[in-house]
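Just so you know, these numbers come straight off a predicted model, no measurement behind them.
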Amino acid sequence: MPSSTLSVTDNRTGKTYEVPIQDGTVRAMDFRKIKTSDDDFGLMLYDPAFTNTASCRSNITFIDGDRGILEYRGYPIEQLAESCTFLEVAYLILFGELPTAPELDDWVYEITHHTMLHENTKKFMEGFRYDAPPMSMLISTVAALSAVYPDATHVQDPANRMLQIKRLIAKMPTIAAMSYRHSLGFPYVYPDNDLSYTENFMNMLWKMVEPKYAANPVLARALEVLFILHADHEQNCSSSVMRAAGSSRSNPYLCVASAASALSGPLHGGANEEVIRMLDEIDSEAAIPAYIESVKAGKRKLMGFGHRVYKSFDPRARLIKEIAHKVFGVTGSNPKLDIALKLEQIALQDDYFVSRKLYPNVDFYSGLIYQAIGFKPEMFTVLFAIPRTVGWLTQWQEMISDPEQKISRPRQIYTGARQRPLPPIAKRESAASGA
Ligand code: SDX
């Protein structure tokens with residue numbers, strides 16, 4: 001029976017080392033013993049952007065990038081999107097099992113009764129310019145909640161963690177809606193406890209003077225399924241930031257603000273907004289070939305395409321495409337959809353994209369739906385952050401409870417100067433001249 005080990009020979013010394021293989025990985029620390037002398041630090045593994053590094057053990061989300069598979073706690077995303085509510089899926093992701101009816105009722109009650117924000121938050125929100133990006137307002141306000149709940153720093157207390165988790169899941173839509181209303185100069189709308197999570201979000205966004213907001217059921221369900229599809233995605237950029245920030249045991253509100261900051265980048269959660277801008281720039285199907293050529297020339301990226309893990313289709317993109325048709329049946333089609341469909345068709349016939357295994361990802365079609373429902377592009381990443389808060393907090397919980405984890409602190413390969421003599425200021429030459 002072949003042993004599950006690597007035999008590594010260091011040709012600098014002729015020594016051979018046996019390195020155990022477990023779960024398809026080797027432990028980086030097992031290479032530290034490979035030295036050329038006793039005062040040698042030992043070997044490290046170099047992996048910029050962690051393209052081939054497992055940072056943790058996790059049983060939350062499974063992705064098979066080659067087969068286009070995504071499962072939350074072992075349940076295929078297609079089944080969850082078809083049959084569950086968002087809070088039902090949030091419960092599954094957080095606690096590892098689907099809730100019974102009484103458990104779900106209790107969970108919905110808990111979240112519903114944490115949606116209010118301290119009235120001071122209004123004054124905080126008023127500090128932003130009328131045209132402040134909603135994502136910036138969301139991130140800042142979430143961070144500010146660490147001052148409202150300073151007790152949240154007791155992260156070693158499971159009950160305290162769960163209280164903050166409920167508060168954050170419940171308050172993200174309220175903060176998001178306030179950011180949106182602020183940008184329009186509209187008065188804020190208080191939560192309505194009679195409504196579901198998603199309908200209440202729509203209520204806080206769009207209720208005007210009518211006595212009770214009534215959400216369009218097709219649009220409410222479409223938004224809920226989009227929330228389900230965006231809830232977690234294993235060790236993506238923003239979840240990794242959540243884990244790293246949480247590893248120093250900082251306040252969870254500050255950790256979520258850190259994760260949302262990472263999500264806001266155009267290569268990550270900000271891509272859905274960039275896709276709409278890209279489709280606006282292309283503007284007609286006739287302009288697609290020239291745009292594709294500019295992408296292949298390396299002048300720009302095809303936003304909404306490509307993925308670090310999915311090297312075939314992103315299953316979420318396929319489900320979102322189905323939602324698009326239902327939404328457009330209510331709102332009327334978004335003229336940009338035809339350009340997006342043609343762009344996908346042309347790209348997937350072009351070897352540049354096929355050879356690099358670039359397929360539409362979750363962001364390629366989601367923006368078209370958000371826009372049709374009535375959101376401005378500046379709100380799209382906010383709509384990603386709301387459901388992903390469940391994933392960030394679950395990853396945070398798992399990290400804190402994992403005995404193998406400690407403060408996140410990678411090493412480096414130092415390439416700079418050493419032991420330089422300090423010249424008096426009169427004898428220094430400007431580095432800019434040599435820049
Ligand atoms: C999300 O990680 C997650 O799970 C993220 C996410 C989640 O749910 O959390 O799924 C959400 O962030 C989806 C991705 C949204 N971002 C975009 O749509 C932006 C456009 N996509 C690219 O920036 C890129 O595809 C990434 C960032 C998504 C992935 O980058 P990688 O894995 O580092 O891939 P790479 O940059 O090494 O690309 C490999 C090759 C390169 O070409 P060569 O150097 O080999 O010639 O493919 C090219 C890249 O230039 N390439 C693209 C491209 N994406 C990669 N070329 C044109 N357009 C693109 N979109």
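- Aromatic pair F186/W206: ring centres not closer than 6.0 Å.
- With sequence neighbours excluded, the residues satisfying side-chain contact (heavy atoms from CB on, under 4.5 Å) with Y359 are L348, K357.
- In this structure, D40 contributes its side chain and T36 its backbone to a donor-acceptor pair below 3.5 Å.
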Check step by step if side-chain contact (heavy atoms from CB on, under 4.5 Å) holds for R243 and W396. CA-CA 5 Å; R243 280 176 170 260; W396 174 67; over 6 Å; no

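- For the pair R356 and Y352, the distance from NZ or CZ to the six-membered ring centre is under 6.0 Å and the angle to the ring normal is within 45 degrees.
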Step by step, would you call S312 with D66 a side chain to side chain donor-acceptor pair (under 3.5 Å)? CA-CA 5 Å; S312 66; D66 293 328; over 6 Å; no

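- For the side chain to side chain contact (heavy atoms under 4.5 Å, CB included) with Y72, the lone residue among I60, L80, T394 that qualifies is L80.
- Side-chain contact annotation: R27 with Q22, donor-acceptor N/O pair under 3.5 Å absent.
- Screening residues 90-100 for side chain to side chain donor-acceptor pair (under 3.5 Å) gives T100-E103 as the qualifying pairs, with residues at least two apart or on separate chains.
- Evaluated for a side chain to side chain contact (heavy atoms under 4.5 Å, CB included) with Y197, the options I169, L223, T85 yield exactly one hit, I169.
- A distance-only check finds no donor-acceptor pair linking the side chain of N200 to the backbone of L195 [under 3.5 Å].
- R167 and Q164 are linked by a side-chain donor-acceptor pair at a separation below 3.5 angstrom, with hydrogens and angles left out of the test.
- Between the side chains of H233 and T61, no donor-acceptor pair is found at a separation under 3.5 Å.
- Remark: side-chain polar atoms of N160 are paired, donor with acceptor, to backbone N or O of D151 under 3.5 angstrom.
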Using the salt bridge (Lys or Arg N to Asp or Glu O under 4.0 Å) rule, take K207 and D192 through it: C-alpha gap first, then chi angles, then the decisive distance, then the call. CA-CA 11 Å; K207 182 177 180 295; D192 179 341; over 6 Å; no

Report the C-alpha distance between E281 and R300 in whole Å, list the side-chain angles of each, state the deciding distance to 0.1 Å, and finish with yes or no for salt bridge (Lys or Arg N to Asp or Glu O under 4.0 Å). CA-CA 12 Å; E281 183 184 345; R300 50 168 58 96; 2.8 Å; yes

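- With contacts defined as side-chain heavy-atom distances shorter than 4.5 Å, the pair I407/R249 does not qualify.
- Between the side chains of Q371 and K336, at least one donor N or O sits under 3.5 Å from an acceptor N or O.
- Annotation: cation-pi pair R318/F313 present, NZ/CZ under 6.0 Å from the ring centroid and within 45° of its normal.
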